[in-house]
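Since the structure comes first, as structure tokens, the remarks are kept for the end.
Quick note on labels: first sequence line is chain A, next is B, and so on, each numbered from 1.
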2 protein chains.
Amino acid sequence: MKIGELARRSGLTAYTIRYYEQIGLLPAPDKGTSGQRDYDASILVWIEFLGRLKATGMPIREMLRYAALRQTGPVTDAARRVLLEKHRDKVRGHIADLQANLLVLDAKIAGYADAEERTETNGQHQREPLRARHARTR
Amino acid sequence: MKIGELARRSGLTAYTIRYYEQIGLLPAPDKGTSGQRDYDASILVWIEFLGRLKATGMPIREMLRYAALRQTGPVTDAARRVLLEKHRDKVRGHIADLQANLLVLDAKIAGYADAEERTETNGQHQREPLRARHARTR
DNA sequence: CCTTGACTTAGAGCGCGCTCGAACACCTAG
DNA sequence: CTAGGTGTTCGAGCGCGCTCTAAGTCAAGG
């Protein structure tokens with residue numbers, strides 16, 4: 001598989017693939033006489049995993065540490081597990097933060113919605129008392 | 001309140017506060033004859049809210065749109081609500097993605113844990129499990 | 001054969017969100 | 001009165017993660 005096809009199949013651009021290779025995140029593939037990169041399909045699995053690390057906010061530096069461990073072989077399994085566990089905990093914390101902030105956001109939105117409802121009520125029923133209606137409609 | 005104190009109380013640096021003012025995210029406070037910024041404590045509420053938007057991944061450009069609407073007055077309430085609702089939906093989506101990726105991460109970690117357990121189990125039947133295995137597997 | 005398009009390299013550039021350096025002004029305590 | 005801490009402006013610089021340009025090589029179809 002040449003770089004263009006890998007780009008299509010992985011969702012990365014060819015630029016990014018070369019960049020990842022350059023920094024050591026992707027292994028350097030064989031290059032034939034023409035000097036063109038020839039990829040094995042198995043690289044897709046690794047790229048997908050990198051994508052998940054990235055999607056969960058892992059910085060490239062840390063992915064490099066993981067990639068280096070992987071390169072070294074099965075002796076590093078425990079270290080890799082530890083690395084992933086730490087990352088997982090960070091992700092969990094991040095999700096918790098997001099959820100907390102989401103609550104505040106919801107409250108803020110509810111505030112705006114209330115204000116709008118009051119405005120509409122005023123507009124349509126100027127002579128009617130507000131407080132009773134509002135209490136009921138919420 | 002001068003900028004240093006606001007920095008301490010808001011968690012931003014004085015640099016960042018000036019930067020936010022420069023781009024329009026914070027209102028320009030009164031500056032006395034000495035030219036020093038004098039903040040009202042109420043700014044802290046706004047900064048905290050900006051922090052939540054930031055923590056949920058809103059880019060500065062969008063915070064600026066919100067800030068501009070706010071500046072304009074209550075006529076923009078509906079627009080602000082819409083903006084926040086869209087953002088909230090993005091955040092929800094993001095959380096869902098994170099949770100999905102977390103499952104994969106957990107599975108991967110479980111895989112490593114299994115492997116280790118197998119190794120340990122093997123090891124229990126040997127005299128010096130780790131060192132011996134290392135020597136061989138390298 | 002010739003064209004077209006995918007590939008190669010090294011290195012520059014970009015968008016984001018700050019972060020800091022330089023040079024100078026001001027305020028307050030001792 | 002003076003030292004030192006805090007403030008001011010403006011513009012440059014940084015860390016991250018790509019993204020692209022330039023100039024050239026190569027492969028395959030018409």
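Going from atom OH of A:Y19 over to atom P of C:dG13 covers 18 Å, rounded to whole Å. Whole-Å rounding puts the B:Y15 OH to D:dA12 P distance at 17 Å. Nucleotide D:dT6 holds its P atom 12 Å from the CD atom of B:E5, rounded to whole Å. Between the CE atom of A:M63 and the P atom of D:dC18 there is a distance of 7 Å, rounded to whole Å. Atom CG of A:L50 is separated from atom C1' of D:dG17 by 14 Å (rounded to the nearest Å). Put simply, CD1 on B:I17 is 14 Å from P on C:dC20, counting in whole angstrom units. Distance, B:Y20 OH to C:dT19 C1': 12 Å, rounded to whole Å. Rounded to an integer number of Å, the gap from B:L6 CG to D:dG7 C1' is 14 Å.
Put simply, the side chain of A:T72 does not reach to within 4.5 Å of the side chain of A:L69, judged on heavy atoms. For the pair A:I95/A:V91, a side-chain contact is recorded, criterion being any heavy-atom separation below 4.5 Å from C-beta on.
Within 6.0 Å of atom CZ in A:R65, 12 or fewer heavy atoms from other residues, nucleotides or ligands are found, so the atom counts as exposed in its surroundings.
Using a 4.0 Å cut-off between a side-chain N of Lys or Arg and a carboxylate O of Asp or Glu, A:R81 and B:D114 do not qualify as a salt bridge. Between B:D38 and B:K2, no side-chain nitrogen of the basic residue sits less than 4.0 Å from a carboxylate oxygen of the acidic one, so the salt-bridge criterion is not met. Residues B:K86 and B:D89 are not paired through a salt bridge, judged by the lack of any N-O separation under 4.0 Å between the basic side chain and the carboxylate.
Base engagement by B:R18 is indicated by at least one non-hydrogen atom pair under 4.0 Å involving a base atom.
For A:I3, counting side-chain heavy atoms from C-beta on, the closest listed nucleotide (D:dC18, C:dC7, D:dC16) is C:dC7. Between C:dC18, D:dC16, D:dT19, one nucleotide has an atom nearer to the side chain of A:R61 than all others, and that is D:dC16.
For the contact set between residues 27-42 of chain A and DNA chain D, defined by any heavy atom under 4.0 Å, the members are A:S34.
The residue among B:K2 and A:E21 whose nearest nucleotide of DNA chain C is located toward the 5' end is A:E21.
Taking 4.0 angstrom as the limit, A:K54 places a side-chain polar atom (N or O) nearer than this to OP1 or OP2 of D:dC18.
A cation-pi contact, defined as under 6.0 Å to the ring centre and within 45° of the axis, links A:K108 to B:F49.
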